[in-house]
Q: 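Handing you a structure now.
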Amino acid sequence: MERPAVFGLLLTAAAGFLDVAAYVTFSHLYVSFMSGNSIHLGMSLATLGTTDILTIFGVVIAFVFGASAGTLLQDHASVRLLPFALSIEAGLLLLAAAASSVTLSTISLLPVAIAMGLQNVLHQMSGTTSVGKGFVSGALVRIGQSIARLRSPKADPAGTATLLAGWIAFVAGAAGGGLAIARLGFIPCLLLAAAALMALVIVDLSRP
């Protein structure tokens, strides 16, 4: 991507969008915010909620699998890796939409979690590791550190702005997800996200 920061912000917004869609539809499950799922898993372990434990653990494993698959792509793919990986991610979202049309169960959420694991690696592929991706606590800590150092030799105003923009993008995506899930439902949200990813692929492939 010629504008990796913009690319990273769009991916971060997509993560927030899909997180809210999943959270509303599947009883507080996330597809990219694994800290939230880990807390949910701990609560389920405390109450011995076997069904919840298996469900949450399945989503976490799917996310880790996606990150592993993305890393393999990163290590072995060619210069056109980004559009290829984005196409895989869009395909996973379409698969989830198809599964949801048959049964709106947690099974249909697993391809989305795989896609989000893959997407976190996409940030590294595009050189946008400073953008918040699907976890924002670390980004907020680094924003606080950057603010504290604004008057020191270690000041990095551009880095601070990038981190803040990443957090804003995640919140904006979550707000968009909240509006969309209330008005459209889960399957249209998946289709919208897949269409946005394919638009990025087309933009990238159309440049010289």
Q: In sequence, state the C-alpha distance, the side-chain angles, and the governing distance for L190 and L18, and then conclude on side-chain contact (heavy atoms from CB on, under 4.5 Å).
A: CA-CA 8 Å; L190 293 176; L18 289 170; 4.0 Å; yes

Q: ring-ring contact (aromatic ring centres under 6.0 Å, His included) with Y23: which residues, sequence neighbours excluded?
A: H28, Y30

Q: With side-chain contact (heavy atoms from CB on, under 4.5 Å) as the test, would you mind laying out the steps for F170 and D19 before giving the verdict?
A: CA-CA 10 Å; F170 189 83; D19 255 345; 3.8 Å; yes

Q: Does any pair with a residue in residues 108-118 pass side chain to side chain donor-acceptor pair (under 3.5 Å), and if so which ones, sequence neighbours excluded?
A: S100-S108

Q: Using the rule that Ile, Leu, Val, Met, Phe, Trp and Tyr join whenever any side-chain heavy atoms are under 4.5 Å apart, tell me whether L73 and L92 fall into a single cluster.
A: yes

Q: Which is it for S32 and Q119 under the side-chain contact (heavy atoms from CB on, under 4.5 Å) test, yes or no, and what are the steps along the way?
A: CA-CA 9 Å; S32 77; Q119 179 168 294; over 6 Å; no

Q: Name each donor-acceptor pair under 3.5 Å that joins a side chain in residues 40-54 to protein atoms two or more places apart or in another chain, with its distance.
A:
| unit_1 | atom_1 | unit_2 | atom_2 | d |
| --- | --- | --- | --- | --- |
| S44 | OG | H40 | O | 3.0 |
| T47 | OG1 | M43 | O | 3.2 |
| T47 | OG1 | S44 | O | 3.3 |

Q: In this structure, which one of V201, L118, L94, I114 forms a side-chain contact (heavy atoms from CB on, under 4.5 Å) with E89?
A: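 For E89, the side-chain contact (heavy atoms from CB on, under 4.5 Å) test succeeds with only one of V201, L118, L94, I114, which is L118.
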
Q: Please examine the side chains of W167 and L140, heavy atoms only from C-beta on, and report whether any two atoms are closer than 4.5 Å.
A: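 Yes, at least one pair of side-chain atoms sits under 4.5 Å.
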
Q: CZ/R142 to OG1/T162 distance, rounded to the nearest 0.5 angstrom?
A: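 So the CZ of R142 and the OG1 of T162 are separated by 10.5 Å.
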
Q: Looking at every non-hydrogen atom in both residues, tell me the closest pair between L163 and S146 and how far apart they are.
A: CD1-OG, 4.0 Å

Q: Answer yes or no: is there a side-chain heavy-atom contact under 4.5 Å between M34 and V59?
A: yes

Q: Measure across A15 and M116 and return the closest heavy-atom pair with its distance rounded to 0.1 Å.
A: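 Looking at all heavy atoms of both residues, the shortest contact is CA-SD, 4.0 Å.
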
Q: Establish whether V20 and I39 are linked, either directly or via other cluster members, by ILVMFWY side-chain heavy-atom contacts under 4.5 Å.
A: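 No, V20 and I39 fall in different hydrophobic clusters.
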
Q: For the residue pair L95 and P111, what are the closest heavy atoms and their distance?
A: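 Scanning both residues, the minimum pair turns out to be CD2-CG, 4.1 Å.
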
Q: Are N120 and F63 packed together at the side-chain level, in the sense that at least one heavy-atom pair is separated by less than 4.5 angstrom?
A: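 A side-chain contact exists here, since the closest heavy-atom pair is under 4.5 Å.
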
Q: Walk me through whether L86 and L11 qualify under side-chain contact (heavy atoms from CB on, under 4.5 Å).
A: CA-CA 10 Å; L86 283 171; L11 289 184; 4.1 Å; yes

Q: Would a hydrophobic clustering, with Ile, Leu, Val, Met, Phe, Trp and Tyr connected at side-chain separations under 4.5 Å, put I88 with L191?
A: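 Not linked; separate clusters.
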
Q: Linking I/L/V/M/F/W/Y whenever their side-chain heavy atoms sit closer than 4.5 Å, directly or via other members, would V24 and L109 fall into one cluster?
A: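 In one cluster with V24: L109, yes.
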
Q: What are the two closest heavy atoms between L93 and A193, and how far apart are they?
A: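 For L93 versus A193, the nearest heavy atoms are CD1-CB, 3.7 Å.
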
Q: Should V31 and V60 be regarded as members of a common hydrophobic cluster, given that ILVMFWY residues are connected when their side-chain heavy atoms come within less than 4.5 Å of each other, either directly or indirectly?
A: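 Cluster IDs for V31 and V60 match.
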
